[in-house]
Participant: 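The structure is given below, and queries will be raised subsequently.
We name chains A, B, ... by the order of the sequence lines, and we start the count at 1 in each one. Remember, predicted model here, so these are calculated numbers, not experimental data.
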Protein chains: 2
Amino acid sequence: MAKRESNVDRVYEALRRMAADFAFKPDQRINESALSEVLGASRTPLREALNRLVAEGFLTFQNNRGFFCRPLTPSYIMDLYEARVAVECEAARLACTRAPDEDIAALADYLNRMEPEYQSATDPEELLAMDESFHARLAQLSGNSELQRILNNLNGRIRYIRLIDLKRMRDRAGGKAPGDISAHRQIVEGIAARNTDAAVTAMRSHIEKRREEATEAVRIAFSQLYVPDE
Amino acid sequence: MAKRESNVDRVYEALRRMAADFAFKPDQRINESALSEVLGASRTPLREALNRLVAEGFLTFQNNRGFFCRPLTPSYIMDLYEARVAVECEAARLACTRAPDEDIAALADYLNRMEPEYQSATDPEELLAMDESFHARLAQLSGNSELQRILNNLNGRIRYIRLIDLKRMRDRAGGKAPGDISAHRQIVEGIAARNTDAAVTAMRSHIEKRREEATEAVRIAFSQLYVPDE
DNA sequence: GAATTCGGAATTGAATACAATTCACAGGCC
DNA sequence: GGCCTGTGAATTGTATTCAATTCCGAATTC
């Protein structure tokens with residue numbers, strides 16, 4: 001009957017959401033007292049949550065100066081996507097080597113079941129959730145929980161960038177870009193055939209394509225908001 | 001004139017060192033009050049440091065039960081090394097693509113200057129520091145700070161395992177295993193020649209060899225200490 | 001007028017206090 | 001004997017307090 005979720009967890013989730021929604025401007029100093037009032041908790045649990053977010057790379061911290069929202073530079077976005085390539089390509093490789101046939105089939109099946117929803121969905125958040133879910137499931141096939149963990153962290157930080165990307169695609173195409181699910185299918189087929197090179201190549205080009213889109217989307221969206229240092 | 005390092009930082013470093021030295025047994029519950037006395041700080045900064053370590057994967061946390069040392073299972077070690085393969089192979093690939101010639105030459109030079117020291121060193125900690133330094137520098141060549149960050153985290157958690165490995169190698173060979181530096185040289189040569197496949201292949205086989213050694217070392221060292229669940 | 005220094009206000013750093021929860025063990029019940 | 005239950009001790013969760021540091025603007029000097 002007791003609460004299962006602690007205050008720190010609640011605050012942490014709220015902060016992640018706020019970060020993803022751009023409640024903090026890049027490089028903005030975060031006022032602990034004000035934030036703790038907004039979140040309805042004291043500074044102690046708030047600071048614990050903030051420390052977690054620093055360790056995960058969402059925020060930065062300076063001694064005696066406090067917590068800051070991480071600036072959003074093109075090179076930072078590039079770094080995140082390149083790290084995703086590293087993690088997801090290796091996950092695909094490992095999945096090829098050792099994922100059970102039935103698990104691969106389950107993922108293919110999931111893709112099929114999702115397709116109609118994917119085709120009809122217009123809400124960027126919904127699309128993003130489905131896309132992330134696919135990539136997370138694929139990482140699961142690797143059987144490596146560290147890769148899953150790192151991917152989860154990277155995706156958390158990439159999320160708002162991808163949201164911008166998806167919103168842009170929606171606005172431009174009037175609905176959605178249908179290329180995605182075929183790329184996903186191609187990756188799964190490569191794994192099902194135990195064709196490591198095909199799967200890894202498909203994954204790499206898929207993510208790199210997304211990176212280019214996202215970089216472009218962010219460039220457009222923020223070119224007038226603020227000028228990055230590099 | 002004021003202190004540049006905060007109490008949290010000090011506590012954090014101390015905890016990392018303690019974790020690396022096996023001051024906590026796997027799955028052991030960490031008593032905050034006792035630990036704060038040992039470290040000479042109150043529970044507030046201690047808990048902030050512990051939260052950071054949880055986010056970085058050194059410890060685990062359960063609601064209302066506290067912090068626990070992460071259990072050391074063979075599959076966990078395997079996961080860490082596989083993640084290293086993912087990160088470092090991609091770093092090598094990126095270095096091939098875009099690292100400046102002079103930076104690559106500087107790394108080769110570093111390797112040359114280090115060789116005599118590497119050949120004569122017998123202290124495992126010293127050897128480990130040199131080895132980690134090489135890998136960190138190589139990751140720097142990628143120009144991707146996320147990959148560097150992830151590698152740094154993985155190496156921090158792998159460190160004590162590698163220490164066991166190196167100690168075992170020293171004890172067995174009476175000095176050190178001379179294969180290492182040649183593997184490092186091979187990787188750098190691949191990058192210098194802009195031969196991506198060669199560099200990545202060398203990197204992969206190097207780390208995988210180390211993984212096997214480490215897995216074996218840990219199996220031997222801990223087979224009688226405690227029996228992992230899986 | 002520009003740079004600098006000084007002082008109060010605001011903010012962060014850390015300790016303490018107390019509430020909430022879990023743990024461990026004794027006792028009772030089947 | 002084994003299992004459940006209740007109670008006190010130990011431990012964690014959070015708020016509050018106060019000290020240390022930084023921030024910001026006004027006064028001062030050159």
Participant: Whole angstroms only, please: what is the OH-P distance between A/Tyr12 and D/dT14?
Facilitator: 16 Å
Participant: Among residues 40-48 of chain A, which contact DNA chain C at a heavy-atom distance under 4.0 Å?
Facilitator: A/Arg43, A/Arg47
Participant: Can you tell which of A/Arg52, A/Arg43, A/Arg47 makes a salt bridge (charged side-chain N to carboxylate O under 4.0 Å, His left out) with B/Glu48?
Facilitator: A/Arg47
Participant: Given atom CD of A/Glu37 and atom P of C/dT12, what is their separation to the nearest angstrom?
Facilitator: 13 Å
Participant: So, using side-chain contact (heavy atoms from CB on, under 4.5 Å) as the criterion, who are the partners of B/Met18 when residues are at least two apart?
Facilitator: B/Leu15, B/Ala23, B/Phe24, B/Leu35, B/Leu39
Participant: Just checking B/Phe67: base, sugar-phosphate only, or nothing, at a heavy-atom cut-off of under 4.0 Å?
Facilitator: nothing
Participant: In whole Å, I'd like the distance from the CD1 atom of B/Ile30 to the C1' atom of D/dA10.
Facilitator: 17 Å
Participant: Taking only N and O in the side chain of A/Asn31, is any of them less than 4.0 Å away from OP1 or OP2 of C/dT11?
Facilitator: yes
Participant: Please give me the minimum heavy-atom distance between B/Gln148 and B/Gly143, naming the atom from each residue.
Facilitator: NE2-C, 4.4 Å
Participant: Can you tell me how far C1' of C/dT22 sits from CZ of B/Phe61, to the nearest Å?
Facilitator: 13 Å
Participant: Can you figure out which of D/dT12, C/dT12, C/dA14 approaches the side chain of B/Glu32 most closely?
Facilitator: D/dT12
Participant: Check whether B/Tyr110 forms a cation-pi arrangement with B/Arg137 (NZ or CZ under 6.0 Å from the six-membered ring centre, at most 45° off the ring normal).
Facilitator: yes
Participant: Could you state the atom-to-atom distance from CG of A/Leu39 to C1' of D/dA15 in whole Å?
Facilitator: 15 Å
Participant: Under the side-chain contact (heavy atoms from CB on, under 4.5 Å) rule, collect the residues that match up with B/Asn31, sequence neighbours excluded.
Facilitator: B/Ser33, B/Ala34
Participant: Between B/His206 and B/His184, what is the ring plane arrangement, given parallel below 30°, perpendicular above 60°, and tilted in between?
Facilitator: perpendicular
Participant: When you check the phosphate oxygens OP1 and OP2 of C/dC23, does a side-chain N or O of B/Arg65 lie under 4.0 Å from one of them?
Facilitator: yes
Participant: How long is the straight-line distance from CG of B/Asp79 back to CD of B/Glu82, given to the nearest 0.5 Å?
Facilitator: 6.0 Å
Participant: Take atom CD of B/Gln62 and atom C1' of D/dT12, then tell me their distance rounded to the nearest Å.
Facilitator: 13 Å
Participant: Expressed as a whole number of angstroms, how long is the span from A/Phe68:CZ to D/dT22:C1'?
Facilitator: 11 Å
Participant: Looking at C/dG13, I'd like to know if its phosphate oxygens (OP1 or OP2) sit under 4.0 Å from a side-chain N or O belonging to B/Asn7.
Facilitator: no
Participant: Can you tell me the distance, in whole Å, between the CG atom of B/Asn63 and the P atom of D/dG13?
Facilitator: 7 Å
